[in-house]
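Naming: A, B, ... by sequence-line order, numbering from 1 per chain.
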Amino acid sequence: MDFLEGLNSRQREAVTHREGPLLILAGAGSGKTRVITHRIAHLIRAQQVPAPGILAVTFTNKAAEEMRHRVAQLLGEPLSSGGPIVTTFHSFCVRLLRRDGKSLSDLRPAFTPQFTIYDEDDQLALVKSVYRQRGWDESQVQYRIALSRISHAKNLKQTPEDLEKAPDPKTKLIANVFRDYEARLREANALDFDDLLLQAVRLLEYNEQVREAYNHRFRFMMVDEYQDTNRSQYELMRLLTGRRSNIVVVGDEDQSIYSWRGADIRNILDFEKDFPDAKVIRLEQNYRSTRTILEAASAVVAHNRDRKGKWLWTEGGEGSPAVIYRAPDAENEALFIAHTIEKILRADPQDRVAVLYRTNAQSRRIEEALRRYGRKYVVVGGFSFYQRAEVKDILAYLKLVRSLDDSISLMRIINVPARGIGKTTLDQIERFAFAHHLSLWSALERLIDSGQLLARAEAALRAFRELIHRLRSLFHDLPLPRALRALMLETGYKAMLEADSTPQGEARRENLDELLSAAAEAAMRGETLADFLDHAALSSETDALDAGVAVSLLTAHNAKGLEFPIVFLAGLEEGLFPHSRSKNSEAMLEEERRLFYVGMTRAQKRLYMTWAKSRRRYGSDSDEATKRSRFLEEIPRELVEDFSEAEDASGLDLSAERHEVREAVRRHRYTGTAQNSLENISRFFEERGLPPLKTGPWAPGRAAASAPSRAPSEAAAAGTGSFGRPATGGGAAPARFRSRKLAGMRPGVTVAHPKYGSGLVLRMEGTGEEAKLTISFPGHGLKKIVAKYAEIKIEE
DNA sequence: AGCGGTGTCATTTTT
DNA sequence: TGACACCGCT
């Protein structure tokens, strides 16, 4: 296969570039991913570079997965363990630290490669605990402020002592929190997200042997979305490439939108200073948008001063003017969007639409409007599966089982479900732990035998201690999924949820089923408990766009890297977009403008931009007058069609519309779904275990993964087996298995299915032939199957 | 120990 | 609107 075919001359130049540093300034829609993937394939096939010597790093799992998939396609074979490494910064660092991090204990006493990962919830809980320890409350410094300052400091490699030197008193206070926070992380042998990068950097700096080994191995490195790298990522990159500097970075300074998270736009702006012999290639031909959209977006971003400057061009057509719509209020704005989408999709049901907004809170009104029209939509982003309370609770048990000193996890579940260990007792344990610099677990053990506790509290704590010991032996003796199932029973967690008959309770039980399913799949691929927890910590699940649903709702941030034929940008008002928080500095305003630019350039054919003359903020009772976003003024007049409700070009009379809309509500039921995560979980394990390829046994799994995601109960209600496909894969079941009664069928047994292979029974509703089984098949997800119709048999 | 009432405060969030 | 901290009652 010729990997240069179909590429323009600049893309070819980038793909065939061999040694030395290269900066690819890749404008929106200029074929960036194409260049990276073709380059990887070209290095391997045409230049005979050993595949494992190639490292490509991205920011998101989604991007990494996409790249792996495309490289595999180009190579015509799955990426095996001997293939190029395509991964995220954080995953890479976790693997590095787990495999080669032992010597970090020289720098960080008590560190072991079995460290726990603390996510944002855990970090917040830790900061709260530090406040309690100091007897502080939020009145001086808010938790979130402290956390973000700590994170920022870590990204800049600053220590608490560095912050201490700052002149302002607030920073001094934060320095104290920072110091305690760090001490407590060490005590728990835990690393937060920033640490994953930072400690990897420190290890590579400190341990020459490890560094040399990695330098030796990775001869070619590529970094995607370079404009969003932070200091640690930059240093990591330099340490990994070593003197060789065979580094290719790809980015677009105009799409740098994560400075508030530590991304340093200087990294890309100064690349040529960092690497004086760097070659620069600009990809300015856009293959995505119409000329109108491109010119409008370019005109806006040209208002930024802090940029390298480029001008995108296209050979594509002029396209329609962008539409600006002024709504009287936010409700009307939402109805306009829904109505227009309806017209578009009626004309062409194959079209795809995205509605982008600045803040998540804006989605609610738009969702309501879409629901009124009975239009299916997907909200991308928001809560991930692994962030749900019930899932996090169970994971906290798991983390505690692995590491008793993980005090944050212990705190989370010690009284969930309620087992008589209340605030007073907890305070007592915590104070004891603070006083003696112990983890909560050690404090608890000592207190139990000290006789200082009330009899009732002591008994409760003893029972808890026993419980955790029992769980530990469970995980020692049983395979992961069984141990997990037993954990849910033993802890009483399952019983607690079963007592909850609300729809939420039902949903939570289903989430735990999904968790079991994920564990079953992990186990069948030989993953350990540690792998399972790493994945849970590192995945955000804003991934996988649902190809089956025509309308996606997402923040402008989440839209980066995506494209849609039709894009709506909503809420374009001063204070909202640009956001009021950004008004203080020019730099922040420029970032808002880049975000706006990112939004505009997502559109392929049509771009609609809407704003409301008045909008109610939060729950206040009255609408406030708004001002139209300055960004709209920055678009050349001749490229837009600007109208308001009064002169509505679409002929939309929204007051009359309301009647029709109410009718529609009656006809349609709720069709929206939040981004569900089961398929993402499957994908993850798929990608780690067997390769996602268009042929082979995984094809059905892929197909299922891209089908509309739906909650299992909903899928069942809709009459299909699960996730949009008939579960039994072919109607009437032969009688072959019918006689062999399903004796012994119960949750926990493994069954064989002719199509899906072996799977684990998670749930059984009803008895005998009529029983409905929820079975997890690795690679195929959860299936709901009626026992008598399916050709399943129990495996030994 | 655990519930419910009241007051306060609101970005974005790849991992 | 809704997430939360805090407080007082049982």
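Ion pairing between Asp194(A) and Arg261(A) fails under the 4.0 Å rule for side-chain N and carboxylate O. Under 4.0 Å is where a charged nitrogen must lie from a carboxylate oxygen, and between Glu66(A) and Arg70(A) at least one such pair does.
Closest to the Asp137(A) side chain, of the nucleotides dT14(B), dA10(B), dC6(C), is dC6(C). Here dA5(C) is the nucleotide among dG2(B), dA5(C), dT13(B) with the atom lying nearest to any side-chain atom of Glu138(A).
One can place CG of Asn267(A) at 20 Å from P of dT14(B), the figure rounded to the nearest angstrom. The CD-C1' distance, from Glu65(A) to dT14(B), rounds to 14 Å in whole Å. One interatomic measurement links the two molecules: CG of Asp427(A) to P of dC6(C), which rounds to 12 Å at whole-angstrom precision. In this structure, Asp228(A) places its CG atom 12 Å from C1' of dT13(B), rounding to the nearest Å. Taking atom CG on Asn61(A) and atom C1' on dT13(B), their separation rounds to 15 Å, with Å as the unit. The separation between Glu368(A) atom CD and dT1(C) atom P is 10 Å, rounded to whole Å. What separates NE2 of His579(A) from P of dT13(B) is a distance of 11 Å, to the nearest Å. Look at OH on Tyr357(A): it is 10 Å from P on dT12(B), rounded to the nearest Å.
Contact annotation: Asn558(A) reaches the phosphate of dT14(B) (side-chain N/O to OP1 or OP2, under 4.0 Å). Contact check, Thr555(A) against dT13(B): a side-chain N or O comes under 4.0 Å of OP1 or OP2. Neither OP1 nor OP2 of dC4(C) sits under 4.0 Å from any side-chain N or O of Lys128(A). Between Asn360(A) and the phosphate of dT13(B), there is a side-chain N or O to OP1/OP2 separation shorter than 4.0 Å.
In this structure, Tyr258(A) reaches the bases: a heavy-atom distance under 4.0 Å links it to at least one base atom across the strands shown. Among the heavy atoms of the strands, none lies under 4.0 Å from Thr58(A). Within 4.0 Å (heavy atoms only), Thr425(A) reaches sugar-phosphate atoms of the nucleic acid but no base atom. Heavy atoms of Glu592(A) sit under 4.0 angstrom from at least one base atom. Backbone-only contact: Arg364(A) has heavy atoms under 4.0 Å from sugar-phosphate atoms and none from a base. Using a 4.0 Å heavy-atom criterion, one finds that Ala556(A) contacts no nucleic acid atom at all. When heavy atoms are screened at a 4.0 angstrom cut-off, Asn415(A) is found touching the sugar-phosphate backbone but no base atom.
Of the listed residues (Glu573(A), Glu624(A), Gln362(A), Glu331(A)), just one forms a side chain to side chain donor-acceptor pair (under 3.5 Å) with Arg615(A), and that residue is Glu573(A).
At a cut-off of 3.5 angstrom, counting only N and O atoms as typed in the model, there is no donor on one side facing an acceptor on the other between the side-chain of Arg358(A) and the base of dT11(B).
Between Arg365(A) atom CZ and Glu333(A) atom CD the span is 9.0 Å, to the nearest 0.5 Å.
Using a 4.5 Å heavy-atom cutoff, the side chains of Glu235(A) and Leu204(A) are not in contact.
If Leu426(A) and His557(A) are placed on DNA chain B by their nearest nucleotide, the residue sitting closer to the 5' end is Leu426(A). Take the nearest nucleotide of DNA chain B for Lys423(A) and for Thr88(A): the residue whose nucleotide is more 5' is Lys423(A).
When every heavy atom of Asp228(A) is checked against every heavy atom of Ser256(A), the shortest pair comes out as OD1-CA, 3.5 Å.
Syn is the glycosidic conformation of dT11(B), whose angle stays within 90° of 0.
The aromatic ring of Trp260(A) is stacked on the base of dT12(B), with the two ring centres less than 5.5 Å apart and the planes inclined by under 30°.
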